[in-house]
Protein chains: 2
Amino acid sequence: MHSEAVASRSAEHRDSRESRNGSSPNLDAVSLAIIEQLQEDGRRPYAAIGKAVGLSEAAVRQRVQKLLDQGVMQIVAVTDPLTVGFRRQAMVGVNVEGDVESIAEALTEMAEVEYVVMTAGSFDILAEIVCEDDDHLLDVINKRIRKLPGVRSTESFVYLKLKKQTYMWGTR
Amino acid sequence: MHSEAVASRSAEHRDSRESRNGSSPNLDAVSLAIIEQLQEDGRRPYAAIGKAVGLSEAAVRQRVQKLLDQGVMQIVAVTDPLTVGFRRQAMVGVNVEGDVESIAEALTEMAEVEYVVMTAGSFDILAEIVCEDDDHLLDVINKRIRKLPGVRSTESFVYLKLKKQTYMWGTR
DNA sequence: CGGAGACCTGCGGATTTCGCAGGAATGCGC
DNA sequence: GCGCATTCCTGCGAAATCCGCAGGTCTCCG
């Protein structure tokens with residue numbers, strides 16, 4: 001699959017998609033295709049990606065570098081911390097009174113917090129935390145998160161078993 | 001940082017850590033250090049990693065390949081789907097009656113579901129889903145997830161803004 | 001029209017990856 | 001203890017990849 005090159009440069013310039021995403025200005029179909037390739041294999045050679053998306057090796061390399069610099073994507077090793085061993089992990093739902101953004105910011109700064117997202121629903125924020133052990137987990141939740149001014153309440157979901165973890169939204 | 005080589009092979013063989021993680025048999029301190037390196041940069045050259053962890057280039061390459069084959073880690077590009085554009089994302093808490101594992105399995109098989117974890121707390125399962133738009137999201141939740149036999153109830157948290165996303169549990 | 005900016009290609013040279021042939025340490029059965 | 005299989009490491013040459021740079025095209029704009 002993915003053998004065909006993507007539409008020509010001039011064509012995608014009028015693509016309806018990219019005019020729609022106001023948050024990230026420069027992100028056309030070719031960059032999307034490149035990300036897709038790297039979602040399958042983060043170490044895939046630039047030349048191979050170039051062949052798949054219809055670009056030269058150098059062009060792909062420049063685009064990838066730019067995407068990394070801009071923070072649009074990151075190429076990293078991901079694991080299941082529980083599998084890797086000796087750790088406790090949990091999702092914490094947080095309810096906030098006052099400024100949600102500033103609480104989210106505070107959570108972001110904690111090293112044990114790996115994932116923070118603001119949500120609509122019965123929680124204002126969801127935060128995933130990774131800890132050494134139960135004591136550490138308890139400490140982070142009770143002594144750090146619940147002590148933040150503006151945090152009304154929290155609810156924890158301790159991870160028992162990770163069943164799936166993919167990053168393949170592109171390949172569907 | 002991370003300039004020092006790790007303990008010698010013979011020493012870590014008696015390390016208390018690895019005797020503790022029954023789930024993943026062969027995963028010593030050196031492999032952990034390798035993963036750590038790749039969490040910082042998934043494309044870091046094997047030679048550089050080798051220098052950091054005290055191994056030859058070839059040895060690192062063999063270890064990394066093994067870790068990938070075993071499914072202990074994956075090297076991939078990760079993005080914020082919301083930033084990449086035109087999508088709706090949500091976390092769904094699921095309550096199950098009967099076999100939780102089989103429901104989790106069913107969720108795992110859905111393409112829109114990127115993340116499935118079994119939890120302790122007021123949800124049995126948390127699942128993250130990525131969709132094209134609101135219609136698609138509604139469809140997945142109401143027509144697919146809630147129709148699974150054994151699903152008692154669900155609660156959704158639509159993502160508004162992703163604030164943090166890291167994979168650096170190793171580097172603390 | 002001329003210049004700035006964004007982006008692509010092509011091309012060498014440095015670097016990295018890859019496969020393979022040993023060698024050292026370990027565990028096991030006899 | 002000894003032989004043997006297994007595992008994991010190192011070293012090395014060939015092939016592939018990465019990297020920086022010079023130059024070309026296209027667009028936008030004063």
Side-chain angles (χ1 to χ4, degrees), chain A residues 2 4-15 17-19 21-22 24-35 37-38 40-77, chain B residues 2 4-15 17-19 21 24-38 40-77:
Chain A
H2 304 306
E4 292 304 302
V6 193
S8 73
R9 233 71 56 235
S10 51
E12 354 145 346
H13 245 232
R14 331 253 147 194
D15 191 317
R17 264 182 190 165
E18 53 196 319
S19 54
N21 58 0
S24 60
N26 34 9
L27 197 54
D28 58 12
V30 181
S31 289
L32 251 3
I34 291 174
I35 295 175
Q37 293 285 318
L38 290 170
E40 292 177 16
D41 175 8
R43 274 183 169 259
R44 185 162 296 169
Y46 296 132
I49 298 173
K51 195 170 302 181
V53 306
L55 237 55
S56 71
E57 177 268 342
V60 172
R61 177 156 38 91
Q62 286 157 13
R63 287 223 188 200
V64 168
Q65 193 53 53
K66 194 168 159 192
L67 290 170
L68 295 174
D69 290 343
Q70 287 175 159
V72 174
M73 73 169 180
Q74 39 184 332
I75 300 177
V76 293
Chain B
H2 303 306
E4 291 305 301
V6 194
S8 73
R9 234 73 54 233
S10 51
E12 354 143 349
H13 244 231
R14 332 251 145 195
D15 191 318
R17 266 183 191 162
E18 53 195 320
S19 54
N21 58 359
S24 59
N26 34 8
L27 196 55
D28 58 11
V30 180
S31 289
L32 249 5
I34 291 174
I35 295 175
E36 218 171 293
Q37 293 287 317
L38 290 169
E40 289 177 18
D41 175 7
R43 274 182 168 258
R44 184 161 298 169
Y46 296 132
I49 299 173
K51 196 170 300 181
V53 307
L55 238 54
S56 71
E57 177 269 340
V60 173
R61 177 156 38 92
Q62 286 158 13
R63 287 221 188 202
V64 168
Q65 192 54 54
K66 194 167 159 192
L67 289 170
L68 295 174
D69 290 343
Q70 288 175 157
V72 174
M73 75 170 177
Q74 39 183 335
I75 301 176
V76 292

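Worth saying up front: this structure is predicted, and the values here are computed from it rather than measured.
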How close or far is atom [atom2] of [N] from atom [atom1] of [X], stated in whole angstroms?
X	N	atom1	atom2	answer
Q65(B)	dC8(D)	CD	C1'	15 Å
Q70(A)	dA6(C)	CD	P	11 Å
D69(B)	dC8(D)	CG	C1'	16 Å
I49(A)	dT17(D)	CD1	C1'	12 Å

Quick one: [atom1] on [X] to [atom2] on [Y], what's the gap to the nearest 0.5 Å?
X	Y	atom1	atom2	value
I49(A)	L38(A)	CD1	CG	4.0 Å
I35(A)	L27(A)	CD1	CG	5.5 Å
Q74(B)	L68(B)	CD	CG	9.0 Å

Taking the side chain as C-beta and beyond, is there a heavy-atom pair between [X] and [Y] under 4.5 Å?
X	Y	value
V72(A)	K66(A)	no
L55(A)	Q62(A)	no
R63(B)	D28(B)	yes

Closest non-hydrogen atom pair between A47(A) and E57(A), with its separation: N-CG, 3.9 Å
Any donor-acceptor pair under 3.5 Å from R43(A) side chain to R44(B) backbone: yes
Side-chain N,O (K66(B)) to OP1/OP2 (dC8(D)) below 4.0 Å: yes
Degree of bending in the helix from dC1(C)-dG30(D) to dC30(C)-dG1(D) once both end axes are built from five pairs, to 10°: 30°
Under 4.0 Å protein heavy-atom contacts per nucleotide of nucleotides 10-17 of chain C, with B for base, S for backbone only and - for none: B-----SB
